[in-house]
Number of protein chains: 2
Amino acid sequence: MQQLEDLVSSLREEGFRITPQRVAILEYLLRTDDHPSAEYIHQVVKKQYPMVSLSTVYKTLDLLKEKKLVGQIEVGGETRFDAHTDAHINLVCMNCGKIDDLDENSLNEIQSRAAKKSKYLILNANFELFGYCNDCKSKFN
Amino acid sequence: MQQLEDLVSSLREEGFRITPQRVAILEYLLRTDDHPSAEYIHQVVKKQYPMVSLSTVYKTLDLLKEKKLVGQIEVGGETRFDAHTDAHINLVCMNCGKIDDLDENSLNEIQSRAAKKSKYLILNANFELFGYCNDCKSKFN
DNA sequence: TATTAGTTGATAATGATTCCTAATTAATAA
DNA sequence: TTATTAATTAGGAATCATTATCAACTAATA
């Protein structure tokens with residue numbers, strides 16, 4: 001897990017301005033295990049900095065995506081974000097919408113095998129399993 | 001790969017009506033290797049049956065998803081469909097938007113391992129690798 | 001051939017995301 | 001510390017994929 005201070009100074013060195021809005025958004029993403037949507041990030045950050053707008057959240061997320069500081073997956077018509085950038089499986093609960101991460105070493109191996117077989121230049125990966133989480137699955141038996 | 005006739009009669013047996021619109025959409029999905037969007041399916045099917053509406057395409061896709069006759073992945077804010085329902089990797093070209101399938105036996109194994117570790121009840125899976133396809137990657141060297 | 005419930009087509013509504021622009025402000029140097 | 005300025009922000013409008021609505025139509029059945 002990256003440290004806030006390191007990320008902030010590397011962004012500053014690249015010429016980006018360090019605004020309270022950006023710090024608040026990054027800070028929240030680093031401390032949570034959730035996979036929040038832009039809308040949800042906005043709700044959370046507004047509690048601390050009520051002036052933050054939703055469009056700033058979107059623009060900050062674009063920046064962080066470009067810098068590979070957050071990953072994204074598209075689920076149910078919305079994009080969900082995650083500061084856990086190692087190769088992992090996203091477990092998506094189709095009932096409550098929760099997303100859990102699960103580390104899985106073999107993904108890197110599959111990825112390089114797929115790159116070789118397909119001749120694609122691979123830049124990014126998403127592995128999603130959809131189902132019901134441990135809390136919800138009892139409701140569907 | 002399933003046969004059109006089999007799918008049609010299984011739908012009829014379940015009480016669904018067999019309309020020319022549904023047959024045209026299913027027929028196209030079965031014969032293509034593309035991963036078309038709803039909009040694109042509409043364009044294609046309209047050539048043969050000009051009366052088919054986009055909302056019928058969406059409704060038919062909902063039906064086929066529910067019956068597990070097509071899979072879907074969300075990419076770049078739109079949903080793309082695929083009648084190849086075995087476990088496989090989707091290779092998404094970030095330049096031209098093409099999606100290729102790549103069979104990979106080990107996905108089933110990963111999936112059951114993940115189910116055990118996470119205690120999720122797994123119903124569906126998507127494995128996506130993003131990058132540049134063989135045709136496009138030369139443009140980014 | 002008549003009945004009827006499932007399906008369709010057209011359009012309106014929704015919701016996530018992007019676009020636009022004047023006002024604000026972080027970074028820099030005097 | 002203050003002035004300068006280009007990057008950033010807030011807020012609202014615009015966009016685009018998808019869903020909802022409902023009157024008209026039709027596949028299945030008897």
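Per chain, numbering begins at 1; letters A, B, ... match sequence-line order.
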What's the [atom1]-[atom2] distance between [X] and [N], to the nearest Å?
X: B:Ile18; N: C:dT8; atom1: CD1; atom2: P; value: 10 Å
X: B:His42; N: C:dT8; atom1: NE2; atom2: P; value: 12 Å
X: B:Glu14; N: C:dA5; atom1: CD; atom2: P; value: 21 Å
X: B:Arg80; N: D:dT18; atom1: CZ; atom2: P; value: 11 Å
X: A:Arg22; N: C:dT24; atom1: CZ; atom2: P; value: 19 Å
X: B:Leu61; N: C:dT7; atom1: CG; atom2: C1'; value: 15 Å
X: B:Asp62; N: D:dA20; atom1: CG; atom2: C1'; value: 12 Å
X: B:Glu74; N: D:dA17; atom1: CD; atom2: C1'; value: 11 Å

>> I'd like to know if B:Arg17 reaches the base of D:dT26 with its side chain such that a donor and an acceptor end up less than 3.5 angstrom apart.
In response: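 Answer yes: a donor N or O sits under 3.5 Å from an acceptor.
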
> Do B:Lys59 and C:dG6 have a side chain to base donor-acceptor pair shorter than 3.5 Å?
Replying inline: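 It does not, because no donor-acceptor pair links the side chain of B:Lys59 to the base of C:dG6 below 3.5 Å.
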
> Linking I/L/V/M/F/W/Y whenever their side-chain heavy atoms sit closer than 4.5 Å, directly or via other members, would B:Leu107 and B:Ile73 fall into one cluster?
Replying inline: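 In one cluster with B:Leu107: B:Ile73, no.
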
Shortest side-chain distance from [X], nucleotide among [options]:
X: A:Thr19; options: C:dG9, C:dA26, C:dA27; value: C:dA26
X: A:Arg12; options: D:dT18, C:dG9, C:dA27; value: C:dA27
X: A:Ala38; options: C:dT8, C:dT17, D:dT9; value: C:dT17

> Should B:Ser55 be listed as having a side-chain N or O under 4.0 Å from OP1 or OP2 of C:dG9?
Replying inline: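 Answer no for this pair, as no side-chain N or O of B:Ser55 is under 4.0 Å from OP1 or OP2.
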
> Are OP1 or OP2 of C:dT18 and a side-chain N or O of A:Tyr58 less than 4.0 angstrom apart?
Replying inline: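 Checking C:dT18 against A:Tyr58, no side-chain N or O comes under 4.0 Å of OP1 or OP2.
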
> Shortest non-hydrogen contact from B:Ser106 to A:Ile110?
Replying inline: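 Closest heavy-atom pair between B:Ser106 and A:Ile110: OG-CD1, 3.6 Å.
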
>> Treating B:His88 as the side-chain partner and B:Asp101 as the backbone partner, does any N or O pair qualify as donor plus acceptor under 3.5 Å?
In response: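 Looks like no, no N/O pair under 3.5 Å.
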
> Would you call B:Asp100 and B:Lys98 a salt bridge, taking side-chain N to carboxylate O under 4.0 Å as the test?
Replying inline: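 Salt bridge flag = yes for B:Lys98 with B:Asp100.
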
> Taking C-beta and beyond as the side chain, do B:Val92 and B:Arg80 meet within less than 4.5 Å on heavy atoms?
Replying inline: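 B:Val92 vs B:Arg80: side chains apart.
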
> Touch check for B:Ser37, heavy atoms < 4.0 angstrom, all strands: base, sugar-phosphate only, or nothing?
Replying inline: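 Here B:Ser37 touches no strand at all.
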
> Between A:Gln21 and A:Glu78, who's closer to the 5' end of DNA chain C by nearest nucleotide?
Replying inline: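 Checking each residue's closest nucleotide, the 5'-ward one belongs to A:Glu78.
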
